[in-house]
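Notes for the one structure printed next.
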Amino acid sequence: MHTQNVFEEYLDAQPLFNKNRRGVLRPEYIPSTLPHREAEVKQLASIMITALRGNRPSNILIFGKTGTGKTATVRYIEKEMADMKQRVKEGKNASHVKDLSPVDHIYINCEIVDTPYGILQNIGNRFIRVFQERIPFTGWPLEKVHEEMRKNLDAQPRVLVVVLDEIDKLFYKSGDDVLYNLLNLNDTLVNAQVSIIGISNDLKFTEFLDPRVKSRLGEEKLIFPPYNAQQLGDILRERADLAFREGTIDEEVISLCAAIGAKEHGDARRAIDLLRVAGEIAERRKAEAVMERDVYRAKNQIELDCIREVVRTLPEHSKVVLLGIYFSAKEGRDDLTTGEVYDMYQQLCKQVGTSPLTQRRITDLISELDMLGIIHARVISKGKYGRTREIALSVPPREVWNALGEDHAFQDISPPRMRIQSTISKF
DNA sequence: TGTCCACTGGAAGGGAGGGCTT
DNA sequence: AAGCCCTCCCTTCCAGTGGACA
């Protein structure tokens, strides 16, 4: 009897995924058709056709919740435009058009690039010529970056479509000056023309825009409704057919993923993630097919991974704040005030050996934790005893500790003592 | 009905850190 | 080296406030 190689048992098991097709279930994959987005694709195409004819298409704002196919639709249109140009070039198109204008796209995710400098620098560097120096990522005055970008862009005739994904983030962070500048760019361009596609899941943000920016940015508006369970099912089925080997996934599993996705405001990304992770879990347990229980496990795993990742990458002081909230959650407290949290935070800082930030700053960190969904924090009034936030952990304490525990600084920390509250001390 | 607490959250600005320019 | 610029993180200052209590 010979010893077994560690990989042997896995090699024998039949994989569930088709070879090299796992990517079909990744968020960045652009499918060849977009089920239940035909109307939106058509509408977008009817606007963008102007670009292929060499004119500036209207600026567009696209709204819709996460996972409603906004980004996918825009990227799909980009792909189709590139494809159309290729066809015309090769003379394979059905129409009698002989030549199409050069159209460029630049995609910027404003969650990552959220400063005026960053936006201008990104666009500027998209069109650098050979031997030309790139715009550095910091150091230049804004005005110079703007001028350099304008020059690069205008070097030859073209239509540039700037896609600003999560455009609301850019606005909330840096105001609407950049948008204003981009919208007015056309006035100073001789050869090139620019139009903007803004993508956002926040319908409200336009209310706060400068009226001039608002009207020019929203020349056309598209709203993407959430998918329902049946539509999600269609999307998943199409992807599953590509990604999985035949007979390894059945209708129930797909329906379940679709149902869960539909519950989460029709989020296709979630549903697709779910399917992929369920497949990976099933494969790991060397199953012949993906089962419903794999989906439930996947759901659980995705949620935990998400919490863990968020907590792990928190800045140090946010971690200390969270640690305090964690300790009191273990004591069953779910009604902490800002003052109490700050008190614990100060004590913990002493233990960790770092100097505490001001309470004003901590209120901001608390808001951030709230937005990340790790804690709940709502403003309440305790009447005579003041106005404050009521703070509670909104994820399982154990998971918080698992993630925080990875940090060496927190390994042997003892729970802080709770301040005696004035509301209690009156007895 | 007014008081008053424990904050909230906006505004302004300082300073460090990245890097460019002269 | 000195002087800029932009961004990030933080502090300081402070007007504003919901509602229990006297």
Side-chain angles (χ1 to χ4, degrees), chain A residues 108-125 128 132-152 164 166 169-182 204-205 207-210 313-322 324-325 328 333-346 348-349 352-372 375-392 418-427:
Chain A
I108 299 176
N109 187 332
C110 302
E111 183 150 41
I112 299 160
V113 182
D114 59 1
T115 62
Y117 193 104
I119 300 285
L120 299 179
Q121 184 233 9
N122 258 272
I123 300 173
N125 279 341
I128 46 174
Q132 192 193 355
E133 275 182 71
R134 297 176 70 84
I135 302 172
F137 81 95
T138 173
W140 283 10
L142 259 185
E143 212 171 311
K144 184 172 172 186
V145 180
H146 185 273
E147 184 48 31
E148 188 75 2
M149 180 272 286
R150 201 193 62 75
K151 263 198 300 196
N152 291 355
L164 297 175
E166 317 225 27
K169 302 264 164 58
L170 173 65
F171 168 68
Y172 288 128
K173 185 92 195 310
S174 308
D176 49 15
D177 283 2
V178 222
L179 296 174
Y180 184 80
N181 284 334
L182 288 180
K204 270 193 321 211
F205 95 98
E207 288 173 28
F208 310 112
L209 288 172
D210 180 305
T313 54
L314 243 29
E316 192 198 6
H317 286 276
S318 298
K319 281 186 182 172
V320 179
V321 171
L322 184 58
I325 300 171
S328 22
R333 288 289 307 276
D334 59 356
D335 57 348
L336 298 160
T337 65
T338 302
E340 288 172 318
V341 170
Y342 186 64
D343 234 51
M344 292 188 295
Y345 161 78
Q346 281 181 305
L348 289 168
C349 275
V352 177
T354 176
S355 47
L357 305 175
T358 57
Q359 180 158 338
R360 178 67 188 85
R361 180 70 189 133
I362 297 308
T363 58
D364 281 344
L365 296 187
I366 290 171
S367 300
E368 277 169 33
L369 290 173
D370 183 27
M371 280 198 301
L372 289 168
I375 63 171
H376 279 303
R378 68 191 176 98
V379 178
I380 55 156
S381 174
K382 291 175 177 263
K384 190 167 187 268
Y385 303 104
R387 225 157 78 95
T388 182
R389 274 196 184 99
E390 195 176 69
I391 299 160
M418 198 71 106
R419 170 179 68 166
I420 301 181
Q421 252 186 298
S422 56
T423 34
I424 296 165
S425 66
K426 67 185 163 149
F427 297 111

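Reminder, nothing fancy here: chain letters follow the sequence lines and each chain counts from 1. Please read all numbers here as calculations on a predicted model, not as lab measurements.
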_Counting the atoms with a prime plus P, OP1 and OP2 as sugar-phosphate, which does A:P315 contact under 4.0 Å by heavy atoms, base, sugar-phosphate, or nothing?_
nothing
*Touch check for A:I380, heavy atoms < 4.0 angstrom, all strands: base, sugar-phosphate only, or nothing?*
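Counting heavy atoms under 4.0 Å across all strands, no contact is made by A:I380.
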*Looking at A:T338, does any N or O in its side chain come under 4.0 Å of the phosphate oxygens OP1/OP2 on B:dA6?*
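Negative; the distance criterion is not met.
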*Taking only side-chain nitrogens and oxygens of A:K382, does any of them come within less than 4.0 Å of OP1 or OP2 of C:dC21?*
no
*If you check the A:Y117 side chain, which of C:dG19, C:dT7, B:dC7 turns out closest?*
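Within the option list, the nearest is C:dT7.
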_A:D114 side-chain proximity, nearest of B:dT8, C:dC8, C:dC6_ =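 The listed nucleotide nearest to A:D114's side chain is C:dC8.
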*Comparing A:K384 and A:R389 on DNA chain B - which has the more 5′ nearest nucleotide*: A:K384
If I take atom [atom1] in residue [X] and atom [atom2] in nucleotide [N], what distance separates them, rounded to the nearest angstrom?
X: A:E390; N: C:dG19; atom1: CD; atom2: C1'; result: 15 Å
X: A:I135; N: C:dC6; atom1: CD1; atom2: P; result: 14 Å
X: A:D343; N: B:dC7; atom1: CG; atom2: C1'; result: 14 Å
X: A:H146; N: C:dC6; atom1: NE2; atom2: P; result: 13 Å
X: A:K169; N: C:dT7; atom1: NZ; atom2: C1'; result: 19 Å
X: A:Y172; N: C:dT7; atom1: OH; atom2: P; result: 20 Å
X: A:Y385; N: B:dT3; atom1: OH; atom2: P; result: 18 Å

*At what angle, to 10 degrees, do the two end axes of the helix from B:dT1-C:dA22 to B:dT22-C:dA1 meet, given five pairs define each axis?*
30°
Please report the closest heavy-atom contact between [X] and [Y], naming both atoms and the distance.
X: A:L336; Y: A:S328; value: CD1-OG, 3.3 Å
X: A:Y345; Y: A:L357; value: OH-N, 2.9 Å
X: A:S355; Y: A:H317; value: O-CE1, 3.3 Å
X: A:A392; Y: A:D334; value: CB-O, 3.4 Å
X: A:I119; Y: A:C110; value: CD1-SG, 4.4 Å

Look for any protein N or O under 3.5 Å of an N or O in nucleotides 18-22 of chain B and output each such pair with its distance, or none.
| residue | atom | partner | partner atom | Å |
| --- | --- | --- | --- | --- |
| B:dG18 | N2 | A:T138 | OG1 | 3.0 |
| B:dG18 | N3 | A:T138 | OG1 | 3.4 |
| B:dG19 | N2 | A:G139 | O | 3.4 |
| B:dC20 | O3' | A:W140 | NE1 | 2.8 |
| B:dT21 | OP1 | A:W140 | NE1 | 3.2 |
| B:dT21 | OP1 | A:K144 | NZ | 2.5 |

*Mind jotting down which residue pairs meet the salt bridge (charged side-chain N to carboxylate O under 4.0 Å, His left out) criterion with at least one end in residues 111-122 of chain A? Sequence neighbours excluded, please.*
A:E111-A:K169, A:D114-A:K173
*Step by step, would you call A:L348 with A:V321 a side-chain contact (heavy atoms from CB on, under 4.5 Å)?*
CA-CA 8 Å; A:L348 289 168; A:V321 171; over 6 Å; no
*asked:* Using a 4.0 Å heavy-atom cut-off to protein, can you give one letter per nucleotide of nucleotides 9-16 of chain C, 5' to 3': B if the base is in contact, S if only the sugar-phosphate is, - if neither?
replied: -SBBB---
*Using the test salt bridge (charged side-chain N to carboxylate O under 4.0 Å, His left out), find all partners of A:E368 that sit at least two apart in sequence or belong to another chain.*
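Listed in chain order: nothing, the list is empty.
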_Set of residues satisfying salt bridge (charged side-chain N to carboxylate O under 4.0 Å, His left out) with respect to A:D210, sequence neighbours excluded_ = A:R212
Using side-chain hydrogen bond (donor to acceptor under 3.5 Å, both in side chains) as the criterion, list what pairs up with [X], not counting sequence neighbours.
X: A:Q359; answer: none
X: A:E147; answer: A:R150
X: A:R389; answer: A:S367

*Atom pair CD (A:Q132) and NZ (A:K151), whose distance is rounded to the nearest 0.5 Å*: 8.0 Å
*Decide side-chain contact (heavy atoms from CB on, under 4.5 Å) for A:L179 and A:L164; before the verdict, give the C-alpha distance in whole Å, the side-chain angles of both, and the deciding distance to 0.1 Å.*
CA-CA 10 Å; A:L179 296 174; A:L164 297 175; 3.8 Å; yes
Got a list of side-chain donor-acceptor pairs under 3.5 Å for residues 133-143 of chain A, not counting sequence neighbours?
none

Shorter than 3.5 Å, N or O on both sides, protein versus nucleotides 13-16 of chain B: list them out with atom names.
none

*N/O donor-acceptor pair under 3.5 Å between A:S318 side chain and A:L365 backbone*: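 Judged by distance alone, no pair lies under 3.5 Å.
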_Sub-4.0 Å heavy-atom contacts from residues 174-182 of chain A onto DNA chain C, ordered by number_ = none
_Heavy-atom side-chain proximity of A:L372 to A:L314 below 4.5 angstrom_ =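 A side-chain contact under 4.5 Å exists here.
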